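It should be emphasised that the depicted structure is a prediction, and the values quoted were computed from it without experimental measurement. Starting from 1, each residue takes its place in the sequence as its number.
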Amino acid sequence: LFVVLLFYTRMGRAMRALASNSALANASGLNAAFITSLVSFIAGALAGLGGSVLALSTGAHINLGHDLLLPVFAAAILGGLGNPLGAVVGALLIALTETAVTNINFGPLFGQELTFLPVSYISAASFLILLLALLFRPYGLFDREVRRV
């Protein structure tokens, strides 16, 4: 639904125009205040929905999403900060890597039958992906934006 809203509706075109050049969008007659309020409302509603779903599985407490900050930040950097679909692909890559880190049997490497990494290394996997992304592709995997010098 987000992709359809962003790329196939007039409101999505107005949001992208306002994000790329707000002065020109204002001069073109777009209602910048309404679009900004609508985007803020949608972002808040999605964050509230995500927090509610997360609270169903872990219980509501003061630091509910604290352990998700690093993977979300890494996904946004990995996908490209100007590309929302790239952030989704980055989140999928982060989730795949975090799952693989704790589910791959490293036993044959050490001459044992079963050897797995502890679950506490999930955050290390996100940090490693963030570090590699910043070293080799600092603008993200799917960045198409033209930079000014």
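Connection of Y8 to L6 is established within a shared hydrophobic cluster, with ILVMFWY side chains joined at heavy-atom distances below 4.5 Å, either directly or through further cluster members. Hydrophobic cluster membership differs between L70 and L68, with clusters built from Ile, Leu, Val, Met, Phe, Trp and Tyr side chains linked at under 4.5 angstrom. Linking ILVMFWY residues whenever their side-chain heavy atoms come closer than 4.5 Å, directly or via other members, leaves L93 and L128 in distinct clusters. Following chains of ILVMFWY side-chain contacts shorter than 4.5 Å, one can reach L46 starting from M15, so the two form part of one hydrophobic cluster. In the hydrophobic clustering of this structure, V72 does not group with L78; members are Ile, Leu, Val, Met, Phe, Trp, Tyr whose side-chain heavy atoms approach within less than 4.5 Å, directly or through other members.
Listed for the S57 side chain is a donor-acceptor partner under 3.5 Å among the backbone atoms of L54.
Counted within 6.0 Å of NE2 on H61, heavy atoms from surrounding residues, nucleotides or ligands total more than 12; the atom is thus considered enclosed. The number of heavy-atom neighbours closer than 6.0 Å to CZ of R13, taken from other residues, nucleotides and ligands shown, is 12 or below.
Within the model, atoms CG of L135 and CG of L130 stand 9.5 Å from one another, a figure rounded to the nearest 0.5 Å. In this structure, OG1 on T97 lies 10.0 Å from CG on L132, to the nearest 0.5 angstrom. Interatomic distance, F116 CZ to Y121 OH, rounded to the nearest 0.5 Å: 15.5 Å. Atom CG of L134 sits about 5.5 Å away from atom CD1 of I77, to the nearest 0.5 Å. Residue F136 holds its CZ atom at 8.5 Å from CG of L131, rounded to the nearest 0.5 Å.
With sequence neighbours excluded, the residues that form a side chain to side chain contact (heavy atoms under 4.5 Å, CB included) with L30 are A14, A17, A25, I35. Residues satisfying the side chain to side chain contact (heavy atoms under 4.5 Å, CB included) test with L24, not counting sequence neighbours, are N21, S28.
Proximity of V88 to F2: side-chain heavy atoms (C-beta onward) are nowhere separated by under 4.5 Å.
Between I94 and S126, the closest heavy-atom pair is CG2-OG, 3.9 Å.
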Return all side-chain donor-acceptor pairs below 3.5 angstrom for residues 100-108, not counting sequence neighbours, or 'none' if the list is empty.
{"from": "T102", "atom 1": "OG1", "to": "T99", "atom 2": "O", "distance (Å)": "3.4"}
{"from": "N103", "atom 1": "ND2", "to": "T99", "atom 2": "O", "distance (Å)": "3.0"}
{"from": "N105", "atom 1": "OD1", "to": "G107", "atom 2": "N", "distance (Å)": "2.9"}
{"from": "N105", "atom 1": "OD1", "to": "T115", "atom 2": "N", "distance (Å)": "3.0"}
{"from": "N105", "atom 1": "ND2", "to": "E113", "atom 2": "O", "distance (Å)": "3.2"}

